[in-house]
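Since the structure comes first, as structure tokens, the remarks are kept for the end.
Each chain gets a letter, A, B and so on, in the order the sequences are listed, and its residues count up from 1.
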Amino acid sequence: MKLERRHSWSLSPKEAIALQNDLRHEVIADRPLDLSAIRTVAGVDVSVKNEVSQAAVVVMTFPGFEPVETALAQRPTTFPYVPGLLSFREGEVLVEAFEKLRHTPDVFIFDGSGYLHPRRVGIASHMGLWLGVPTIANAKNRLCGTNQESGPERGAWTPVIDRGEVVGAALRTRPGCKPVFVSPGHLADLDTTIELIMATSPKYRLPEPIRRAHKAAGVFG
DNA sequence: GCGACAG
DNA sequence: ATCTTGTCGC
């Protein structure tokens, strides 16, 4: 698919933070998703092995989770892992995979954060601006903020608050298991993000599209 | 200065 | 993320 915009990835951590401070004002994190209109969902993930990053984007039907398309891309890993700057480490290889995509999914689910970010521009939000398509985030750990422990039953959630603002939620997608930390990316809001994460995680802790993307990106491809 | 810190 | 065996629980 064709991307809405793009930029150089040759940035220093300092320049990356400056760019995030510009982009934060363009992120739309209060627009409800129309779940009934979603027909395809894409899972996004990146694996790193021996200085090489491999991106995987898996498009599947919703509901039903039937595979539709898988796009892969490889690039040397340059940018280091710095908490808060993940999109600058995985962005370039992801863009290459997005451009190979022949189908445009109705929404993308990222393995990482979105609005739940110190500057409100996690990888799901950043890539959302480039894609021009709704994106949501599903992280296995919390990047920032605080939250009370959510109930043990599936579907229970508590807000994650950072600097006095609700930026995401700790959501129990599977009873007894550790919750996932979800947040809107771009062109989505928290309530419908929670609904879609629950709808795409019927059996396991992680959303089906993320599980599929993780496997596709693994040390195989 | 000290602790926190997506993948 | 990645390195790795066994092990506790449903």
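Atom NZ of A:Lys140 and atom P of C:dT2 are 10 Å apart (whole Å). Atom pair A:His117:NE2 and B:dA6:P shows a separation of 11 Å (rounding to whole Å applied). When the P atom of C:dT2 is taken as reference, atom CG of A:Leu86 falls 12 Å away, rounded to whole Å. Atom pair A:Lys215:NZ and C:dA1:C1' shows a separation of 19 Å (rounding to whole Å applied). Between A:Arg174 atom CZ and C:dC10 atom P there is a gap of 11 Å when expressed in whole angstrom units. Atoms CD1 (A:Ile17) and P (B:dA6) sit 15 Å apart, rounded to a whole Å. Regarding A:Ile109, its CD1 atom lies at a distance of 16 Å from the C1' atom of B:dA6, rounded to whole Å. Counting to the nearest Å, the P atom of B:dC5 and the CG atom of A:Leu116 are 12 Å from each other.
For B:dA6, the OP1/OP2 oxygens have no side-chain nitrogen or oxygen of A:Arg142 closer than 4.0 Å. The phosphate of C:dA1 (OP1 or OP2) has no side-chain N or O of A:Lys49 nearer than 4.0 angstrom. OP1 or OP2 of B:dC5 has not a single side-chain nitrogen or oxygen of A:Asn141 nearer than 4.0 Å.
Remark: ring of A:Tyr81 stacked against base of B:dG7; centroid gap under 5.5 Å, plane tilt under 30°.
A donor atom on one side chain and an acceptor atom on the other are found under 3.5 Å apart for A:Asn147 and A:Arg142. Between the side chains of A:Glu90 and A:Tyr81, not a single donor N or O lies within less than 3.5 Å of an accepting N or O. Looking at A:Thr40 and A:Thr61, their side chains never bring a donor and an acceptor atom within 3.5 Å of each other.
Residue contacts shown for A:Gly176 are absent, as no nucleic acid heavy atom lies under 4.0 Å away.
The minimum heavy-atom distance linking A:Pro184 with A:Ser125 is given by the pair O-OG, 3.9 Å.
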